[in-house]
Amino acid sequence: MTEHERWHELAQQLRVDSVRAAAAPKSGHPTSSMSAADLMAVLLAKYLRYDFDAPENPANDHLIFSKGHASPLLYSLYKAAGAVSEDELLTFRKFGSRLEGHPTPVLPWVDVATGSLGQGLPISVGVALAGKKLDRIRYRVWCLCGDSEMAEGSMWEAFDHAAFSGLDNLTAIIDVNRLGQRGETMHGWDLDSYADRARAFGWHAIEIDGHDLAAIDRAYEEATSTTGKPTAIVAKTIKGKGVREVEDKPGWHGKALDDPEHAIEELGGIRNLTVDVAKPETGEPHVFETGALELPAYDVGEEVATRKAYGEALAALGKADGLVVALDGEVSNSTFAEIFAEAEPERYFEMYIAEQQMAAAAVGIQVRGWKPFASTFAAFWTRAYDFIRMAAISQADIRLCGSHAGVSIGEDGPSQMALEDLAAFRAVHGSTVLYPSDGNSTAKLVVEMADREGIIFMRTTRAGTPVLYEAGEDFPIGGSKVVREGDDVTIVGAGITLHEALKAADTLSGEGVSARVIDLYSVKPIDAETLRAAAEATGGIVTVEDHWPEGGIGEAVLSVFAEDEDRPTVVRLAVESMPGSGKPDELLAAAGIDAEHIADAARKLVTATAAHR
């Protein structure tokens, strides 16, 4: 049997196994898998360098299915490589199976979860950046893309950044099978429309018949020998290739075949070919020199913006931990990530105004064990929210910082004011949400972020605020600080509102009202023990936040008492109406979250609590 004959038989096996996998649960995307079977057969048999027995091998290539719905094809590849058994293949989409409807890292050979289209290629850019700039190992990143997802703007952010960074270790394989979920794609089989745009973005582009095995072989050879730029292989394919009932016919997206047995027979029957996938060359990741951790220390009473403390602490952490990497979205002089960039330029990535690509790059970089910290204005993380949601499914460990939050930023106005970020990040599975109030707590929490798993978000403040804590104090995640003791009422704030709460407590003290003030620097996980003790001691709580009332600090505090029969009264102060431009103190007052309004709410609560008692 010739090499091309073996590839053909392997491709047919991949089609058969895709049909069989989807037939078991009577759901899935076999036709989307069948179109790319020839492309993947040649890749697996000749070009992929991967040790399936050692998926942690740093020299392994990376294969990412941006078209994650073609998971039957991916799992069939794993079966052909001997990594997945026949029996496990047929558990596809069943409860408890590792072979989920779309790939997730439950499988050790899957780097990231895909299935939300437009994400696999941007993440591949992150993995390729890690290979070229951080690991400095000659592994390649292969990304199978669907033609439908080429309408996603995030794909073109990826094309732009990959070319800018000269990622010649990245190959995008675009499966142009013409048919999307509801009919023909935007460009159908117009290969030039994809290839010309790829070239315009600075890629090397190759147009081929995606079922011509010799052409596929030549394209991969060309891709691996191209230097200085990434390669896009634009392959014309037929959806449902090999089965007349479904070939190039609309209405079959996301459906198992009606007569899988007949389809299997038409494809030549069940095969049990195995591929001895080539192992990678040896390689060890580059190690960056490090020194001692010397965090910035600020004097109590000194005015320090927490955004600046973030930048200074991150630079100090980067000096001590060679795995720490920083990314920023062209606002590093505002987030102060520029301090890291100046100190550790080899581990800093400027992502420009492309927040989706920045989030994706962070996910891709952490695939290789690096510790990415990415920063921008908190409001702009909403643009990348789907990437953050999917990062949690990917079991990714990324650290995100959002500065310039709330009405306290002042004159810039509501387009720049994050007022939903705490709610958004609290809703992400397994997330951590931090909101420090002074420079020393910010520095300590940056260190805490470095080794914490999951999606970690830190909200920082634009304005300088007084340092409250000595440099030596600890700030464990999940904790809080009782900044002022009191017995009559509890005021809970964080960030800018903590300082307003302290002013309010001073006013109340002059009136004979003793207010306990809590710094809720860890919004999630929340310090339930301290809040319960405060509620028991004072009887009522006022929460104050520079955020919409939905999903922020107030609701986080309420969740502590949700199942209690004897719940304390919780009065929530938050931004209720759309703000405009103005001075920070004017906007805090207009929103009802300044010291005067906090003191007024506390007085009323003390009176009501006394009457109730």
Side-chain angles (χ1 to χ4, degrees), residues 1-16 18-19 29-48 63 65-67 70 72-74 76-77 80 121 142-150 155 159 170-180 184-199 203-226 230-250 252-253 263 266-268 275:
M1 185 182 294
T2 67
E3 184 177 50
H4 283 198
E5 288 171 337
R6 285 196 299 272
W7 292 345
H8 172 74
E9 286 299 302
L10 176 59
Q12 292 297 82
Q13 174 176 302
L14 297 176
R15 292 188 173 95
V16 167
S18 295
V19 170
H29 296 76
T31 58
S32 299
S33 300
M34 294 157 74
S35 62
D38 297 299
L39 295 164
M40 292 299 100
V42 178
L43 182 67
L44 186 73
K46 185 173 179 180
Y47 290 93
L48 188 70
L63 173 59
F65 268 43
S66 197
K67 53 177 287 183
L73 175 58
L74 182 63
S76 297
L77 284 169
L121 185 61
W142 306 90
C143 184
L144 179 65
C145 307
D147 50 350
S148 286
E149 68 177 332
M150 298 303 289
M155 297 294 278
F159 268 86
L170 172 63
T171 301
I173 306 160
I174 307 173
D175 178 21
V176 185
N177 64 24
R178 190 183 74 84
L179 293 173
E184 188 170 44
T185 59
M186 185 185 294
H187 298 287
W189 274 324
D190 181 3
L191 300 191
D192 288 346
S193 68
Y194 298 108
D196 289 348
R197 279 183 290 170
R199 293 185 186 109
W203 285 52
H204 178 58
I206 308 166
E207 299 176 48
I208 63 169
D209 176 347
H211 301 305
D212 181 335
L213 297 171
I216 296 169
D217 183 22
R218 289 193 299 271
Y220 287 152
E221 180 64 36
E222 190 173 330
T224 57
S225 61
T226 296
T231 297
I233 297 172
V234 184
K236 178 182 178 180
T237 64
I238 297 173
K239 197 164 186 172
K241 171 69 174 176
V243 177
R244 284 186 294 274
E245 178 190 9
V246 297
E247 267 193 359
D248 193 35
K249 290 186 171 61
W252 284 100
H253 184 90
E266 188 176 351
L267 290 165
V275 178

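Position 1 is the first residue of the sequence, and the numbers go up from there.
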Decide, yes or no, whether a salt bridge links Arg15 with Asp38 under the criterion of side-chain N to carboxylate O below 4.0 Å.
-> yes
If every non-hydrogen atom of Ile208 is compared with every non-hydrogen atom of Ala215, which pair is closest and at what distance?
-> CG2-O, 4.1 Å
Does the salt bridge (Lys or Arg N to Asp or Glu O under 4.0 Å) test come out yes or no for Asp248 and Lys239, once each step is laid out?
-> CA-CA 5 Å; Asp248 193 35; Lys239 197 164 186 172; over 6 Å; no
With His8, which residues qualify under ring-ring contact (aromatic ring centres under 6.0 Å, His included), at least two apart?
-> none
Compare all side-chain heavy atoms of Ile216 with those of Tyr47 and state whether any distance is below 4.5 angstrom.
-> no
What distance do Leu39 atom CG and Leu44 atom CG have between them, rounded to the nearest 0.5 Å?
-> 13.0 Å
Do Val19 and Met34 have side chains that get closer than 4.5 Å, going by heavy atoms?
-> yes
Compare all side-chain heavy atoms of Asp147 with those of Glu149 and state whether any distance is below 4.5 angstrom.
-> no
Taking C-beta and beyond as the side chain, do Val243 and Lys249 meet within less than 4.5 Å on heavy atoms?
-> no
Evaluate the side-chain proximity of Tyr220 to Lys46: yes if any heavy-atom separation is below 4.5 Å, no if none is.
-> no
Is Arg178 reaching over with its side chain to a backbone N or O of Thr185, donor-acceptor style, under 3.5 angstrom?
-> no
Is there side-chain contact between Leu43 and Leu63, with heavy atoms separated by less than 4.5 Å?
-> yes
Has the side chain of Ser66 got a donor or acceptor atom that lies under 3.5 Å from a matching backbone atom of Leu121?
-> yes
Taking only residues two or more places apart in sequence or in another chain, which ones pass side chain to side chain donor-acceptor pair (under 3.5 Å) with Glu266?
-> Arg244
Locate the shortest heavy-atom distance separating Ala198 from Ala205; write the atom from each residue and the value.
-> CB-CB, 4.3 Å
Is any side-chain heavy atom of Thr237 closer than 4.5 Å to a side-chain heavy atom of Trp189?
-> no
Residues Ala36 and Leu73: closest non-hydrogen pair is CB-CD2, 3.7 Å
Rounded distance [0.5 Å steps], CD1 in Ile174 versus NZ in Lys67 = 11.5 Å
At what distance, to the nearest 0.5 angstrom, does CZ of Phe65 lie from OG of Ser33?
-> 7.5 Å
Ser32 side chain to His29 main-chain N or O, any donor-acceptor pair under 3.5 Å?
-> no
With sequence neighbours excluded, residues passing ring-ring contact (aromatic ring centres under 6.0 Å, His included) with Trp7 | His4
Verify, without hydrogens or angle tests, whether Glu184 (side chain) and Leu179 (backbone) share a donor-acceptor contact under 3.5 angstrom.
-> no
Rounded to the nearest 0.5 Å, how far apart are SG of Cys143 and CG of Leu170?
-> 7.0 Å
Please walk me through it: do Met40 and Leu144 pass side chain to side chain contact (heavy atoms under 4.5 Å, CB included)?
-> CA-CA 9 Å; Met40 292 299 100; Leu144 179 65; 4.1 Å; yes
Does Pro230 offer a backbone N or O that forms a donor-acceptor pair with the side chain of His204 under 3.5 Å?
-> no
Are any of the side-chain heavy atoms of Phe159 and Met150 separated by less than 4.5 Å?
-> yes
Could you tell me whether the side chain of Glu5 and the main chain of Thr2 form a donor-acceptor pair under 3.5 Å?
-> yes
Going from CG on Leu191 to CD on Glu207, what distance comes out if it is rounded to the nearest 0.5 angstrom?
-> 5.0 Å
Minimal non-hydrogen separation, Thr171 against Ala223, with atom names | OG1-CB, 3.7 Å
Looking only at non-hydrogen atoms, find the nearest pair between Leu10 and Ala80 and report the distance.
-> CD1-CB, 3.9 Å
Nearest heavy atoms of Trp203 and Ala172, plus distance in Å = CZ3-CB, 3.7 Å
